[in-house]
Structures are given as C-alpha cells and as structure tokens.
There are 2 protein chains.
Amino acid sequence: MSARVTMRDVARVVGMSPMTVSRALREDNTVNAKTRARVRQVAEELGYVYDSTSQAFRTQKSGFVAVTLPSVNNANFAETFRAVSNGLGQMGLQLLLGSTNYRVEKEEELVRQLLARNPEALVLTGGHHTDATRALVQGRGLPAIEMWDLPAEPLGHVVGFSNTEAMADIVAHLVQTGRRKLAFVGASEGADSRGAARRAGVVQAAQAHGLPEVAMIDAGPAPVSMRHGHAAIEAIGRDVARNDALICVSDPVAFGCLSAVQRLGVRVPNDLAITGFGAFEVAKVSNPRITTVNVQAEEIGREVVSLLQGIFEGSINTPTCVDVKSTLVPGETS
Amino acid sequence: MSARVTMRDVARVVGMSPMTVSRALREDNTVNAKTRARVRQVAEELGYVYDSTSQAFRTQKSGFVAVTLPSVNNANFAETFRAVSNGLGQMGLQLLLGSTNYRVEKEEELVRQLLARNPEALVLTGGHHTDATRALVQGRGLPAIEMWDLPAEPLGHVVGFSNTEAMADIVAHLVQTGRRKLAFVGASEGADSRGAARRAGVVQAAQAHGLPEVAMIDAGPAPVSMRHGHAAIEAIGRDVARNDALICVSDPVAFGCLSAVQRLGVRVPNDLAITGFGAFEVAKVSNPRITTVNVQAEEIGREVVSLLQGIFEGSINTPTCVDVKSTLVPGETS
DNA sequence: ACACTTTTTGTTATCGATATCATGTTACCG
DNA sequence: CGGTAACATGATATCGATAACAAAAAGTGT
C-alpha cells in the first residue's frame, strides 16, 4: 500500500511549489488558468484526496457544526436533521451528529466529544442541560443554538416553539368540542423534558378551563412510540372510555392508542377523542386522521441554518430567539 | 475572548513538559499518579478541552468511521445508525454521517467529502455505486463495508440480506394462501436500487410460480412513504381490487395503501392481501397487522460494528460477507 | 555503595495545508 | 523606454498533540 498522496506529491509532478497546488485546488483566482488545469489534472491522475484534517488544523476551523438530537429514530427530528444537513452542505460545512437517547448526562459526554472536534457552532435539542454542559458551551464563546424549545434561560440563540402553548391549543380545541375528562398519554416522568413540558402544559390548561384532574397514562420510559401507546391502552382495557379524550405526547403514540382503542371496540371520535403531536405522516394517513399539532420540523432546521449563516457572516451578534409557531391541525379523531 | 487553552498552557502551570501533560490525560500509566492528578486538576481549572483535530493530524488517525445512508428519515436505517453509533462510541470512535437522498451521484460527492476527513473505515448502504465512487474507495485501501444488500461484486466486506430472496418468500406465502393477481407498489424506476431489487424479486418469483404478469403501481420518485402509498391507491380507486394482493416496497407504503383501500371499502385481507417490508413499528400496530419481512435493522448495525472491531484488531483480513437472513412475519393482511 | 532495572520526565521532529510576506514576471501607460 | 501596476509563484513558519528516542530519578538486590 503506497503512502497517501499529498499536495507535495502533486507539486513535485507538476514542477511547482505546494503553495501553488493549494491555491490551484481552491477557488483562488490568483493562479494562472493553465497552471490550475494542469494541477487539477495531475491531482486527479495521482488520486489525490484533499485532507480536511490538515486544513482544519492549520486554519483552526473545522468546517463542522455539531448537532445533538435525542434520537434520529423520530421522523420529526430526522426532518430537522435533514434540513440542517442540506443547508450546511451548501455552506460548505459538515454536520457532526450525536444522539443523547433523551438523557442529559449522555448529552454532556457527547458535548465534550463534539467540542473536542472544534466545531464552529453547536446546536442542541431542547433547553435542559447539566451545569457542566452549560459551562462547557459558554466557556468557549462558541455560537450555540437551542432548538425545539423556548428555554427560560437560553445558552445563546433559540429556534423553537412553546410546548406548553401548543398543548393549551389542544386543550382549548377539545373543550370547545365538548370534552372534559382528559387523559394524557406520555413517557414516565424523567428523561424527556419536552414530553414533560407537554404534560405540564396540559395540566395547566385543564386547570385554566376548570376541568377535572387530568388522568395520567404512563407509556413507559422515553422514548415512547406506537407500540408503547398501544400497550398502555391494552393494559387499561375498556376503562379507557372513562375518559372522553386522550391527549398523546406524539402522533406515533396517538396512533398506537387509536389502534388499540379501535380493537377494543371504542369508537373514535364518538366515544373518545384522540390527539397527537408533531404532524407525523401517520396522523394524516391513519383512519380516522389524527388531530395533531404541526411543529414544522423542517422549518426549524431551515431557521437554524439561516441563523448560523447570519452568525458566520457577522450580521447576527446578539442572542436571537426565533419562535416557529406551532399550529393545530384538526383531524377526524376529535 | 482569550485564546484557546492548549496542553502547553496546562504544562506551564503544572511546571512540566507538554509531553507529560499529554501522557497524563491519556490512559498512559507511565506517568506518576500524583502528577496525573495534578495535571487533570489544572486542566479542569483552566477549562482545557482536548483537541481531537490535532490528534487526528499527528497520528493520522481521525477516530472517524464514515457512514452513508439513503435517508435518516426511515426507521429502519435510523435503527441501524443507532446500533452502529452506540457500538462505535464504545470503541472510542465517532460516526460521520452523510445521507445520499437515494442518489448515487450524491453518494459520490458525499464519499469524497467523507474521505477528506480521513475516516478509518467507510460504511455504505447498498451495493450500487458510481465507478468514481468505487475507484475512490478502493484506491485508498480503506476498510469498506456495504450493508443492507448482498452485492454481486462487493467493494470489501458485506453485511446484508438478499432483497430478491425476501421477495420470493413473500410471493411464495401469497401463492400458498391462494393469491395470483399480484401488484407491486414502489417508487418509480431509477434511484432506489434496493427498491428495484425488490421489484425484480417479485417479478422473478411470480414467473417461477407461473402467475400472470405483476401489475406495477407507481408511488412516485424515491423515497416513498405512507402518503405516497396512500395517494397511489387513491389515484387508482376501486380498480385496485382487480388485483388480489398488493406487495409493497416497505411497511409505510403498505400502511398508506391499507388505509386508502379501507377508505374505499375494500376489505383486507378478504378482498385484497397487502404485504409490507422492513418490520416497521406500524406493521405491528396497524389494524389489521401488516404481513412483513423482518430485516433486522439493528442486527445489521451490530454486525457492522463487530466486523469493524475485527478489522481494527487485525483478526479480519479477508473480505467477509455476513448474511443477516430476513424472515417473513405473517400478519393479518394476508 | 555499586551495578542494574524500573519508573518517570524531557527533547526533538513531525503530520499536511496554508497565512503571510517576499520575489519574480508580464502588461501597460505616458 | 523607464516606471508602476497587475499578475503569478515561492519560501518560511505555523497550528497542537504525540512518536521515538534520550535522559534523569528512584528503587532493588547483593
């Protein structure tokens, strides 16, 4: 196996200095067109592959933007990821991804690893972090964006929406359509802070409307998905019809509930309303269509990108908060 | 903004050489326990953050494993990603992800970018690549793994299953349960090679069983999901019942079809059988449960990791092919 | 106390690209 | 034709961690 091909090798063949090769391979127009063509051709012939590591080292700019997500196995986060990834690609940046599995300690470890790669910005999901994480991020003076939430004390910039408000919209909608005995289906207390915010939003809104106490249906530890919603309802059985509305932490959970409820012979929406969260595909395709909240996962990604763009260009200097409003999407389950 | 803290800074404070600091911060036991404690404490106090870029540059080992996926917005691929990511994390490696959006040209561009980061191995999804991609990968003598497929001419190692065989299983199952007029629902010809392999598998198996020609239902360009399956059936209307089985390229597509078909009043499985692919959550939760094929997305990820482990340890030297057999999972739609 | 091993620390060179400054070459103008 | 601008290329130093070798310090047994 031959050693790797470097600019020096290319330079030797072309009969020029490595500096010229460097210039020729970049968009540097101080190099003669003929020279450039020759350099590129030789580079191609020798199978030269640019070494970003060296560049990152020399220029002290990694070309990375670090992103943490609770999980990629979630169509919403995946959508945001895709938008950010595409946007950054166009800016010549690469995305460095880490998933926290919905745990802040894991996030801390991850942030440490990611920072070691010297990213040019850090994008975190959610507004809930360990003190060490906060210290790490702020100690570097690194542009930071929190997304998918509107934290009370942001680390830096924010692109998100209010989980609490979104839930208030749902509760208002249910009250308006005559529901009073609400139940919330979500993950056990603990890890998932966005889930917790949604739960709190429901409880709060129910109180505001003077409704009886909201029943809590535990779908197990986060992350919860279709099968957990399904199983939670199966565990309860027909008693689920004591409530007249199930407010689910997400569309997959709602679909799981819907399916289980239908198997039990409970009619939706006649006997029971069901709402989801996130405007996942399944909400629109299921039968009946699930009432949900569109959080514009892609829009969040796009806003993150345009924020980053502004930050790198220098046009954004002060902490900015972008509220990507969520909107209620009425379906057939309520 | 103060300049970044380096090992040299830590060394100065401790009163030792940078080399000692380097050793103290690693798992190098040639350094005095007291010295190490002191170094670590000072590093902590100064807010020192390790610089992986420099390390990568010096040692010529990036600590990266590059992975391409068609899309993360697919629960199957996301599952594989998670398994690989977790496994690599335990080996002290970081995963560098790129998504090809199901296009080989995009893959080529991506591979170029990823190789520039000097990864220690490359994991590609699928066995279909441009010539340039093949040349790039093989020219580097870099460990390469193709997954989610069993290519005829592998680039290196392989962890996958036969899409063709899996489809043959489905067709055999449908024939056995009395179906003869098959239709295949998938993306338009072109981009998605795994989808194409599945289509070919169906056609081939149908011929082998002496069935009439398989009807093709086009769900649009890849990637196709619930809404595309749904829309494809809506476009056809009740004519869909001219077939007696819909073989779908994936579970989400199958669910979309199922939902649309139910809205049309066609009874599943009585009037029409439906099959999916991939053992997505929705197959198990939907009503009726969808007959599918379990491809063990997570297992693929785990096998990739253990292969990589073997490669790095040196215990695996020859191209290896791991066939993660897929298994038919009968549901209620057939 | 001496020779010798073991432990601990230090010195120097280096990975590949590029910022910076210096130098050489051609073009252009009056 | 001399002088200056515009263009093109080169020389050198450098980013931070660490491999490889060197050397000092601390034990160890006789």
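So you know, we letter chains A, B, ... as the sequences are listed, proteins then strands, and number each from 1.
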For atom [atom1] of [X] and atom [atom2] of [N], their distance in whole Å:
{"X": "A/Phe57", "N": "C/dT14", "atom1": "CZ", "atom2": "P", "value": "15 Å"}
{"X": "A/Asp9", "N": "C/dA17", "atom1": "CG", "atom2": "C1'", "value": "13 Å"}
{"X": "A/Arg4", "N": "C/dA17", "atom1": "CZ", "atom2": "C1'", "value": "11 Å"}

- Item | Salt bridge present between A/Glu298 and A/Arg302 (N-O < 4.0 angstrom) |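 The answer is yes: the pair qualifies as a salt bridge.
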- Query: Does a side-chain N-to-carboxylate-O contact under 4.0 Å join A/Glu108 and A/Arg112?
  - Reply: yes
- With a 4.0 Å heavy-atom cut-off, tell me which residues in residues 37-53 of chain B come close to DNA chain D, sorted by residue number.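 Those residues whose heavy atoms fall under 4.0 Å from DNA chain D, taken from residues 37-53 of chain B in numerical order, are B/Tyr48, B/Tyr50, B/Asp51.
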- Message: Checking side-chain polar atoms at under 3.5 Å, does A/Thr130 have a donor or acceptor matched by the opposite partner on A/Arg134?
- Response: no
- Any donor-acceptor N or O pair under 3.5 Å, side chains B/Gln60, B/Asn118: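 The criterion, which ignores hydrogens and geometry beyond distance, is not satisfied for B/Asn118 and B/Gln60.
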- N or O in side chain of B/Thr35 less than 4.0 angstrom from C/dT9 OP1/OP2: yes
- Please state whether the rings of B/Trp148 and B/Phe77 are parallel, tilted or perpendicular, taking 30° and 60° as the class boundaries. perpendicular
- Nearest-0.5 Å distance that lies between atom CG in A/Asp9 and atom CZ in A/Arg4: 10.0 Å
- Task: Could you run through nucleotides 19-27 of chain C and give me one letter per nucleotide, 5' to 3': B if any protein heavy atom sits under 4.0 Å from the base, S if only the sugar-phosphate is that close, - if neither?
- Result: BB-------
- Message: For B/Thr30 and B/Gln60, find the nucleotide of DNA chain C closest to each by heavy atoms; which residue's nucleotide sits nearer the 5' end?
- Response: B/Thr30
- Message: Based on the rotation axes of five pairs at each end, what angle does the helix from C/dA1-D/dT30 to C/dG30-D/dC1 bend through, to 10°?
- Response: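 One end's axis against the other's: 30°.
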- Item | Sequence neighbours excluded, every pair satisfying salt bridge (Lys or Arg N to Asp or Glu O under 4.0 Å) that has a member inside residues 307-320 of chain B | none
- Can you name the residues that form a side chain to side chain contact (heavy atoms under 4.5 Å, CB included) with B/Ala116, not counting sequence neighbours? A/Ser52
- Query: Across the strands shown, which category fits B/Thr20 at heavy-atom distances under 4.0 angstrom: base, sugar-phosphate, nothing?
  - Reply: sugar-phosphate
- Minimal heavy-atom distance between A/Lys106 and A/Ser99, with the atoms involved, is CE-O, 3.6 Å
- Query: Under the 3.5 angstrom rule, does the side chain of B/Glu146 hit a backbone N or O of B/Thr125 as a donor-acceptor pair?
  - Reply: no
- Task: Side-chain contact test, heavy atoms from C-beta onward, threshold under 4.5 Å: evaluate it for B/Pro119 versus B/Arg140 and give yes or no.
- Result: yes
- Is any side-chain heavy atom of A/Ile311 closer than 4.5 Å to a side-chain heavy atom of A/Ile316? yes
- Quick one: how far along DNA chain D does chain A reach, first to last nucleotide 5' to 3', anything under 4.0 Å to a heavy atom?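 Going 5' to 3' along DNA chain D, contacts run D/dA8 to D/dG16.
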- Message: Could you go through A/Phe64 and B/Phe64, starting from their C-alpha distance and side-chain angles, then the distance that decides it, and tell me whether this counts as ring pair (Phe, Tyr, Trp, His ring centres under 6.0 Å)?
- Response: CA-CA 13 Å; A/Phe64 281 128; B/Phe64 280 129; 5.7 Å; yes
